[in-house]
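Below: the structure, in structure tokens.
This structure is a prediction, so every number in the text was calculated from the model and none was measured.
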Amino acid sequence: MYDGAALTDQGVVLVSINYRLGPIGFLAHPELSAESPQGVSGNYGILDQVAALAWVRDNITAFGGDPGNVTIFGESAGSWSVCYLYASPLATGLFHRAIGQSGGCFEPHALLAEDSAAGRSGHYVGLGTAEFAGAEDLAALRAMPAETLYEKLAEQPPTGSPGVYVDGHLFPATMADLVARGDHNRVPVMLGSNADEWTTMALGRAEPDEEAYRAAQEATWGELAPEILAAYADDAAVSPAHAAGEILSDRFFARQMRAWGRAQVAHGDAAWLYFFTHAPDVGGEYGTSRGAFHAAEIAYAFGNPHLGFHQTASLEPRLEDIEVARLMSGYWTNFAKSGDPNGEGLPEWPAYGTETEEVLDISAAPRVITGLRKEKLDAMDRFFAAPGAGAAEE
């Protein structure tokens, strides 16, 4: 479904990249930091992405591209990556527009070398990761084949898995702080999430009963839990599992994208926000029952409704699938070309503003909605605005 032919047919050059993952991509360690000219370690996967963008700058002309008009886009971890690049000074000048699909970087991030309210330091996690893998020092880690390392880390170490850290180099401050003070890459953005992000992410997990649902929210939201529970009362009336999924979907996706959009327009820069509500037919026992699940929009953004999910490849795309693919691939390529998704043959998509909070509901019959999940997302914002917020776990 990532095949780029449908997009290149609309006049863009498409580049996909690889980057290191897991401990090879994100392991921070005090010995690695000591030997680094910048005194840092970890975040290698994001540095790989910076290197890929530098390659595009230096080479894309040979492929018919314009190094002065580069758009980055990604979904889920790819969208977090877009957000990291948007915030990092090391990516300055390497891209000119950004599209984030279901993933932002505006929650608190842990620091490389010291513990904080956001979590244990990268060095602490890295030392624990090495110990869990049976490596007493950096030399032992380097002597270990990558396959062996990944095999040993198939289970998460008690200290947690390596992640992205504020290191003073790639990220001189937290991403939220960098953007708030304007020390980010000032480019137009197009952002959004899906209506039913958690339906597939919850597959295989035990469904909570009412007691477990309430206990989980109290553990996560603390004093604000009654407000969260009240905001999601209608969802809980459907089932505790449904409400839990809606809360997780909003916390990690809808709220993140709104926070990103608000941060963008606070500097007077252009943003367009969407909410994807089209339900793909994945065939088999599920059909369209999973709704607009996490990653459901990818096949449509690439213009490939016939190359979608799981059993979808054996299904003929419905007329509504073809229409959603036409709309999304059109908006995405228009934005890449001009920095504005609007164009001939497409319904008008108004720019986002904090006064109107207009968001495009993307479906076969798109419409503009205002105040997307406002009461719920506002309650979450109040939690994250409190001192020390973000250290709670689900």
Side-chain angles (χ1 to χ4, degrees), residues 76 79-80 83 100 102-110 116-119 160 163 174-176 179-180 191-263 266 273-277 290-294 352 354 357 359 361 369-394:
S76 193
S79 187
W80 262 272
C83 191
S102 301
C105 57
F106 287 84
E107 284 202 8
H109 278 73
S116 67
T174 68
M175 298 72 189
V179 177
L191 313 166
S193 61
N194 296 355
D196 306 290
E197 298 274 7
W198 215 259
T199 54
T200 49
M201 300 176 82
L203 289 175
R205 301 185 184 192
E207 293 194 0
D209 59 18
E210 176 70 20
E211 183 179 355
Y213 161 67
R214 297 185 71 87
Q217 304 319 313
E218 289 166 359
T220 299
W221 303 102
E223 294 180 358
L224 202 70
E227 190 172 348
I228 295 293
L229 290 166
Y232 289 86
D234 289 345
D235 299 299
V238 176
S239 75
H242 175 71
E246 291 292 286
I247 290 171
L248 290 166
S249 179
D250 285 347
R251 174 182 174 177
F252 291 109
F253 301 106
R255 178 189 166 272
Q256 284 285 323
M257 308 322 281
R258 189 181 76 164
W260 191 347
R262 286 181 167 184
L273 267 64
Y274 72 84
F275 195 56
F276 183 84
T277 62
R290 296 297 171 183
F293 53 86
H294 186 64
Y352 180 77
T354 52
E357 291 195 310
V359 175
D361 180 335
I369 55 179
T370 59
L372 175 68
R373 304 196 181 202
K374 182 172 176 56
E375 177 189 357
K376 298 172 177 179
L377 303 187
D378 284 353
M380 291 184 177
D381 280 350
R382 285 190 284 278
F383 172 81
F384 286 104
E393 297 291 338
E394 276 68 44

Just by distance, no angles: are the side chains of H294 and S102 close enough, under 3.5 Å, to form a donor-acceptor pair? no
Indicate the ring-plane relationship of F384 and W221, choosing parallel, tilted or perpendicular according to the 30° and 60° boundaries. perpendicular
Please walk me through it: do Y352 and R262 pass side chain to side chain contact (heavy atoms under 4.5 Å, CB included)? CA-CA 8 Å; Y352 180 77; R262 286 181 167 184; 3.7 Å; yes
When rounded to the nearest 0.5 Å, the distance separating CG of D250 from CE of M257 is 13.0 Å
Would you say E197's side chain and N194's backbone share a donor-acceptor pair under 3.5 angstrom? yes
Measure the shortest side-chain to side-chain distance between E357 and L372 over non-hydrogen atoms and say whether it is less than 4.5 angstrom. no
Under 3.5 Å, is there a donor-acceptor pair between the side chain of T220 and the main chain of A216? yes
Pairwise side-chain contact, F293 with S249, heavy-atom cut-off 4.5 Å (strictly under): no
Residue pair F106 / A259: nearest heavy atoms and the distance that separates them: CB-CB, 4.2 Å
Validation: residues 199-212 side-chain donor-acceptor distances under 3.5 Å, sequence neighbours left out:
| residue | atom | partner | partner atom | Å |
| --- | --- | --- | --- | --- |
| T199 | OG1 | D196 | O | 3.1 |
| T199 | OG1 | R290 | O | 2.8 |
| R205 | NE | M201 | O | 3.3 |
| D209 | OD1 | E211 | N | 3.3 |
| D209 | OD1 | A212 | N | 2.8 |

Which atoms form the tightest heavy-atom contact between A236 and Y213, and what is the distance? CB-CE2, 4.1 Å
Backbone N/O of C105 and side chain of Q256: donor-acceptor pair under 3.5 Å: yes
Taking the side chain as everything from C-beta on, heavy atoms only, tell me whether R255 gets closer than 4.5 Å to S193. no
Consider only side-chain N and O atoms of D361 and Y274, and report whether a donor and an acceptor are under 3.5 Å apart. no
Would D235 and K376 satisfy salt bridge (charged side-chain N to carboxylate O under 4.0 Å, His left out), going step by step from the backbone distance to the final call? CA-CA 11 Å; D235 299 299; K376 298 172 177 179; 2.8 Å; yes
Report yes if some heavy atom in the side chain of V359 is under 4.5 Å from a heavy atom in the side chain of T370; otherwise report no. no
Just so I know, are the side chains of F253 and W198 near enough to count as touching, which here means a heavy-atom distance under 4.5 Å? yes
So E227 and F383, do their side chains get closer than 4.5 Å, heavy atoms only? no
Which pair of heavy atoms, one from A118 and one from P108, lies closest together, and at what distance? CB-CB, 3.7 Å
Backbone N/O of G104 and side chain of W80: donor-acceptor pair under 3.5 Å: yes
Rounded to the nearest 0.5 Å, what separation is found between the CG atom of D234 and the CD atom of E246? 11.0 Å
R258 vs R373, test: side chain to side chain contact (heavy atoms under 4.5 Å, CB included). Steps then yes/no. CA-CA 10 Å; R258 189 181 76 164; R373 304 196 181 202; over 6 Å; no
Locate the shortest heavy-atom distance separating L273 from G261; write the atom from each residue and the value. CD1-CA, 4.0 Å
